[in-house]
Engineer: 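The structure under discussion is supplied below as structure tokens; questions concerning it will follow.
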Amino acid sequence: MFATYLIGLREGLEATLVVSILVAFLVKSQRRDRLPQVWAGVALAVALSVLFGWLIEYTSTTLLARSEDRELFEAVTSVAAVVFVTWMIFWMRRAARTIAKELRGRLTEALAVGSLAVAGMAFLAVIREGLETALIFYSAAQGAAGDTGPLLALIGGVVTSVVIGALLYASALKINLTRFFTWTGALLILVAAGILKYGVHDFQEAGVLPGLNNLAFDITGTLDPSTWYAALLAGMFNITPAPTVLEMIAWVAYAVPVLVLFLLPARRTATPTTAEKAAPEAGRTEVGTDPTAAPQRA
């Protein structure tokens, strides 16, 4: 369940940061009249994300009658979730320092267009996170049919992210977002590796890939699947006591290179300016101060 909590926290915090920056910009720009459009866009994005999650579940459990078709569907969604997770992790690492500035610029352009543009920007900012969350949650929670634990964990992560976002907006809490996204990103890479491993297993059960009975090892006697720690490892990173050879190849082939690339220091593309050299701590993004500051009028 920790894996789904982490997904809810990470994706929820990204969306919460976006919304808090938009709201703070409007408030400081004395454009509170546009706040209803922002919240309307957010509400629509949340509703469509929930609908998307329901459609995925309905397709898997109702529309697909044969077990082979369900396994294939789950395998495809697992691979898609891994692609989204990988893209999201590297995008957020790159954008963490500049996301507030970019959002302020886009919102300024939207304000010049009108109410629908403001609502559309808020919608697009949140819908990406919502659709990713629905897809990744479905893939991460496979095998937990009838168990409400993963769903509660996801909701808990989202609620936690909203609380953190509210505190950030009120300037009651300042965190190093670069460091936060680095740690959670590394954990999510391991989660994504487990999702990919599960997808390979589904492909094998669907008959698309061979080697379903070709085990890499079997440590069931040491790692009893009925124990709480075995369930924890399986739920977080899909670490199982008897994986197939292809599952382990997929896990290692994804986790090792992606983790190494993610943890490598980001290259600077420009020479640091005097202001950057004088910054007390590089990489610190504080919502409620500079990221949400409205541009000064001449």
Side-chain angles (χ1 to χ4, degrees), residues 3-12 14-15 45-64 66-95 124-145 150-151 153-154 157-158 184-209 234-238 240 243-244 246-259 261-262:
T4 53
Y5 175 83
L6 182 64
I7 291 169
L9 176 62
R10 170 83 183 223
E11 296 284 348
E14 288 183 32
V46 171
L48 288 181
S49 299
V50 173
L51 177 61
F52 178 67
W54 175 82
L55 284 175
I56 295 177
E57 181 66 21
Y58 179 77
T59 300
S60 176
T61 58
T62 305
L63 297 184
L64 301 177
R66 296 195 312 154
S67 61
E68 293 82 0
D69 294 336
R70 288 194 295 269
E71 297 292 347
L72 183 59
F73 177 79
E74 291 176 357
V76 172
T77 55
S78 293
V79 173
V82 171
V83 172
F84 276 116
V85 168
T86 307
W87 178 84
M88 174 265 295
I89 290 171
F90 282 95
W91 177 86
M92 200 61 200
R93 181 184 121 169
R94 177 178 56 84
L124 292 175
V126 177
I127 191 64
R128 181 180 65 86
E129 309 298 341
L131 295 180
E132 285 181 1
T133 301
L135 181 59
I136 297 168
F137 169 72
Y138 172 79
S139 300
Q142 288 179 26
L151 178 59
L154 179 74
V158 173
T184 57
L187 287 174
L188 278 178
I189 288 173
L190 297 179
V191 171
I195 293 175
L196 179 61
K197 175 175 172 287
Y198 193 99
V200 169
H201 183 79
D202 282 336
F203 274 126
Q204 290 178 312
E205 289 192 336
V208 176
L209 292 177
M236 289 177 59
F237 308 119
N238 196 28
T240 54
T244 67
L246 280 181
E247 287 180 54
M248 289 308 304
I249 291 176
W251 195 96
V252 174
Y254 173 86
V256 174
V258 174
L259 198 57
L261 288 174
F262 179 76

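Because the structure is predicted, anything quoted here is derived from the model rather than measured.
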Engineer: Any heavy-atom pair between the side chains of Phe90 and Leu261 that's under 4.5 Å?
Structural biologist: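 They are in contact (side-chain heavy atoms under 4.5 Å apart), so the answer is yes.
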
Engineer: Measure across Ile195 and Ala81 and return the closest heavy-atom pair with its distance rounded to 0.1 Å.
Structural biologist: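 That would be CG2-CB, 4.4 Å.
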
Engineer: To the nearest 0.5 Å, what is the distance between CD1 on Ile127 and CG on Leu48?
Structural biologist: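 Rounded to the nearest 0.5 Å, the CD1-CG separation comes to 5.0 Å.
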
Engineer: If every non-hydrogen atom of Asp202 is compared with every non-hydrogen atom of Ala75, which pair is closest and at what distance?
Structural biologist: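 Asp202 and Ala75 have their closest heavy atoms at CB-CB, 3.5 Å.
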
Engineer: With heavy-atom distances below 4.5 Å as the criterion, would you say the side chains of Ile189 and Tyr254 are in contact?
Structural biologist: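 They are in side-chain contact.
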
Engineer: Hey, are the side chains of Val85 and Val191 touching, using non-hydrogen atoms and a 4.5 Å cut-off?
Structural biologist: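 Counting from C-beta outward, Val85 and Val191 never come under 4.5 Å.
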
Engineer: How about Phe203 and Val79: do any of their side-chain heavy atoms sit closer than 4.5 Å?
Structural biologist: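 When only atoms from C-beta onward are counted, Val79 and Phe203 do touch, with a gap below 4.5 Å.
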
Engineer: If you look at every heavy atom in Ala255 and Ala193, which pair is closest and at what distance?
Structural biologist: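 Closest approach of Ala255 to Ala193: CB-CB, 3.8 Å.
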
Engineer: Kindly give the heavy-atom pair with the smallest separation between Gly130 and Ser49, and that separation in Å.
Structural biologist: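 Heavy atoms of Gly130 and Ser49 come nearest at CA-OG, 3.1 Å.
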
Engineer: Thr240 versus Lys197: any side-chain heavy-atom pair under 4.5 Å?
Structural biologist: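 The answer is yes, as the side chains (C-beta and beyond) meet within the 4.5 Å cut-off.
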
Engineer: Give me the atom names and distance for the closest heavy-atom approach of Ala192 to Val82.
Structural biologist: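 So the minimum-distance heavy-atom pair works out to O-CG2, 3.4 Å.
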
Engineer: Flag the pair Leu51 / Trp54 as yes when at least one side-chain heavy-atom distance between them is below 4.5 Å, and no otherwise.
Structural biologist: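 Of all side-chain heavy-atom pairs linking Trp54 with Leu51, at least one is under 4.5 Å.
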
Engineer: Roughly how far, to the nearest 0.5 Å, is CG of Leu72 from CD of Glu205?
Structural biologist: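 These two atoms lie 12.0 Å from each other.
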
Engineer: So, for Tyr198 and Ser78, which heavy atoms are closest and what is the spacing to 0.1 Å?
Structural biologist: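 Of all heavy-atom pairs spanning Tyr198 and Ser78, the closest is CD2-OG, 4.4 Å.
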
Engineer: So, taking the atom named CZ in Phe73 and the one named OG1 in Thr59, what distance separates them when rounded to the nearest 0.5 Å?
Structural biologist: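 Atom-to-atom, Phe73:CZ and Thr59:OG1 are 5.0 Å apart.
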
